[in-house]
Amino acid sequence: MRTDPMRNNPAMSRPPLYVTRPYLPPLEEFTPLLREIWDSRVLTNGGPFHQRLEAALAEYLGVPHVALFNNGTVALMVALQALQVQGEVITTPYTFVATPHALLWNKLTPVFVDIDPRTGNLDPALIEEAISERTAAILPVHCYGEPCDTAAIAEVARRRRLPVIYDAAHAFGVQRDGRSLLLEGDLSVLSFHATKTFHTFEGGAVVCHDAAMKRRIDDLKNFGFRNQITVIEAGLNGKMNEMQAAFGLLMLNHIDELRERRAAMVAQYDALLAGVPGIARLARDASARAANGYYPVLIEPGFGLHRDEVHRRLEAKGIFTRRYFYPLVSDMPMYRDLPSAHPLRLPRARALADSVLCLPLHAEPGDDAERVVNALRELAGVCA
Ligand code: T4K
């Protein structure tokens, strides 16, 4: 976590407000679980809490198999290994760096394809023309938890015989018509980082459809051990430990309430922002049970200030918005020389990255949405 000038700044009338605030259940609810770990001395390597959390998450999310990981990035790296992907992978430039980094760590070449400007997700209509004889997979991101056009992606993938791995880091609990979004594609990858609604401090998971794949992923995240003396693959150490898994079980007791409280804050923002000119929102699938992990807005010319200036002036008021996802990953030094990273090929992703601002969103009661929108109204010169 980066430090900021507002921490310990006595001049501020209100405490700093960050893009999110991790929920922590009452400590006394965690201590009995810690006691169990202390008594058993099983600290990691697929212990009882790990097994219980995998089963509980599979049930909560409505998916057949969940393989837990120590974070979402390693889960992504292993997902790509599990499908033995080699060559080029079609993906989005509008994402967190972990998405393309997982490709580079697997010696795969990202091929960036522009987004649908309404949602921020990979535009399926552009995937086909980016497919070459080296294309080995498609790696879309459900950005901010908004579902990708999975039907269109599945159609291209089926026709071109390509596996689809969804980076679902933002899509915990998202459903459409009662069906988990995590059932789409071959594999889906979750992040349980501290900044996520459901978190285990650090953590992640791969969701898969069958037991054989789950077994393979479990081997890969444990050095490739099949048993004490047999190593079947060059695996890595991606295991979630018992303390994290126990915390995850505890979080599951609270998750529905947390999701409701976040949904309430989203509804508050929606209502309060309605009268502020120059602020737009991305499209939301009305049929989806939303993730509500982020509240992205677009600062348009009608607002009167550039997004970066809004970001800076809000910081001066102790409100720490984030420009997720600026800069585009395709502009970063390790990607920018790729032919697909050429700025002229990605105009919509660039436009979105230049105007987006994620407003603070969390599950705590209070008037934070009002505080943020009042600050925005002030900047826009709109009377409250
Ligand atoms: N794919 C996608 C699409 C992703 O967005 C991510 C992660 C991944 C893959 C990889 O998953 P993991 O390997 O992380 O499981 C944050 C998160 O670290 C990252 O998990 C997340 N996406 C990304 C979008 O955001 P930063 O560098 O912006 O976080 P940071 O430390 O600046 O935190 C933001 C604010 O949250 C802070 O200003 C204050 C608050 N905070 C944060 C932490 C860590 C707290 O109050 N307490 C805390 O402990 O990356």
Side-chain angles (χ1 to χ4, degrees), residues 1-7 15-24 67-80 89 91-106 110 112 115 119-122 139-148 165-172 174 181-182 187-207 221 236 238-240 244 247-248 262 291 293-296 311 314-315 318-329 332 349 353 356-364 368 372:
M1 192 170 88
R2 284 171 279 280
T3 52
D4 62 69
M6 307 315 299
R7 280 197 198 270
L17 181 53
Y18 297 104
V19 71
T20 195
R21 186 172 159 79
Y23 174 77
L24 288 172
L68 292 173
F69 275 82
N70 50 6
N71 62 58
T73 306
V74 172
L76 264 177
M77 287 163 56
V78 168
L80 291 158
V89 176
T91 193
T92 169
Y94 191 77
T95 184
F96 188 60
V97 283
T99 315
H101 280 5
L103 297 174
L104 278 203
W105 275 79
N106 275 298
F112 296 112
I115 56 163
T119 60
N121 287 332
L122 201 55
L139 176 58
V141 178
H142 301 297
C143 197
Y144 312 125
E146 180 64 24
C148 289
I165 300 161
Y166 279 103
D167 181 336
H170 306 170
F172 185 89
V174 177
L181 184 61
L182 304 171
L187 299 174
S188 288
V189 177
L190 290 162
S191 165
F192 305 149
H193 182 260
T195 50
K196 305 291 187 287
T197 310
F198 176 85
H199 75 90
T200 55
F201 285 45
E202 290 270 3
V206 179
V207 171
K221 77 176 187 196
L236 45 64
K239 291 166 280 138
M240 176 181 278
Q244 288 171 291
F247 185 83
R262 277 178 172 258
Y294 297 87
Y295 195 93
H311 175 253
L314 287 175
E315 274 200 6
I319 297 171
F320 293 84
T321 61
R322 292 300 286 267
R323 288 165 285 185
Y324 297 133
F325 290 100
Y326 169 85
L328 290 180
V329 293
M332 294 178 185
V356 73
L357 208 55
C358 285
L359 305 183
L361 183 61
H362 55 65
E364 311 266 327
D368 284 339
V372 174

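We count ligands from 1, going down the list as the structure has it; atoms in each ligand are counted the same way. Counting from 1, the numbers follow the sequence of the chain as shown.
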| said: Could you tell me, atom by atom, which parts of ligand 1 come under 4.0 Å of a heavy atom of T95? | reply: 3 (C)
| query | Is V19 touching ligand 1 with its side chain, its backbone, both, or neither, if touching means heavy atoms under 4.0 Å apart? | reply | side chain
| Parallel, tilted or perpendicular, as decided by the 30° and 60° cut-offs, for the rings of H142 and Y166 | parallel
| message | Out of all atoms in ligand 1, which are within 4.0 Å of some heavy atom of A98? Include the element for each. | response | 8 (C), 9 (C), 10 (C)
| query | Is it the side chain, the backbone, both or neither of F69 that has a heavy atom closer than 4.0 Å to ligand 1? | reply | neither
| query | Quick one: does ligand 1 sit under 4.0 Å from the side chain of T99, the backbone, both or neither, non-hydrogen atoms only? | reply | side chain
| query | With respect to H362, which candidate in T195, L17, T197 satisfies the side-chain contact (heavy atoms from CB on, under 4.5 Å) definition? | reply | L17
| said: Determine whether a donor-acceptor pair (N or O, by modelled atom type, separation under 3.5 Å) exists between the side chain of K221 and the backbone of L68. | reply: yes
| Proximity winner for atom 49 (O) of ligand 1, if only heavy atoms of A194, A171, P360, G203 are counted | A194
| said: Side chain or backbone, does S191 bring an N or O within less than 3.5 Å of an N or O on ligand 1? | reply: yes
| Given V141, V97, T20, which one has a non-hydrogen atom that is nearest to atom 40 (C) of ligand 1? | T20
| task | Verify the ring-centre separation between H199 and F247: is it less than 6.0 angstrom? | result | yes
| said: Show me which atoms of ligand 1 lie under 4.0 Å from any heavy atom of Y294. | reply: 24 (C)
| field | Geometric class of the F192/F198 ring pair [parallel <30°, tilted 30-60°, perpendicular >60°] | value | perpendicular
| task | Provide the number and element of each atom of ligand 1 under 4.0 Å from a heavy atom of K196. | result | 7 (C), 19 (C), 20 (O), 21 (C), 22 (N)
| message | Under 4.0 Å, heavy-atom basis, I'd like to know which part of R322 is in contact with ligand 1: side chain, backbone, both or neither. | response | side chain
| Taking distance alone, with no angle check, do F96 and ligand 1 share an N/O pair under 3.5 Å? | no
| said: Before you tell me yes or no, could you show the steps for Y94 and L328 under side chain to side chain contact (heavy atoms under 4.5 Å, CB included), namely the whole-Å CA-CA distance, both residues' side-chain angles and the distance that decides it to 0.1 Å? | reply: CA-CA 6 Å; Y94 191 77; L328 290 180; 3.9 Å; yes
| task | Would you mind listing which atoms of ligand 1 come within a distance below 4.0 Å of any non-hydrogen atom of P22? | result | 45 (C), 46 (O), 47 (N)
| task | Answer with side chain, backbone, both or neither: which part of H170 has a heavy atom less than 4.0 angstrom from an atom of ligand 1? | result | side chain
| request: Quick one: closest heavy-atom pair of A98 and L76, and the distance? | output: O-CD1, 3.9 Å
| request: Would you indicate whether the side-chain heavy atoms of T20 and R322 approach each other to under 4.5 Å? | output: no
| query | Is any side-chain heavy atom of N106 less than 4.5 Å from a side-chain heavy atom of M77? | reply | yes
| said: Once you measure the plane-to-plane angle for F325 and Y144, does it fall in the parallel (<30°), tilted (30-60°) or perpendicular (>60°) bin? | reply: parallel
| message | Heavy-atom distances under 4.0 Å decide this one: backbone, side chain, both or neither, for Y324 against ligand 1? | response | side chain
| query | Has ligand 1 got any nitrogen or oxygen that is less than 3.5 angstrom from a nitrogen or oxygen of D167? | reply | yes
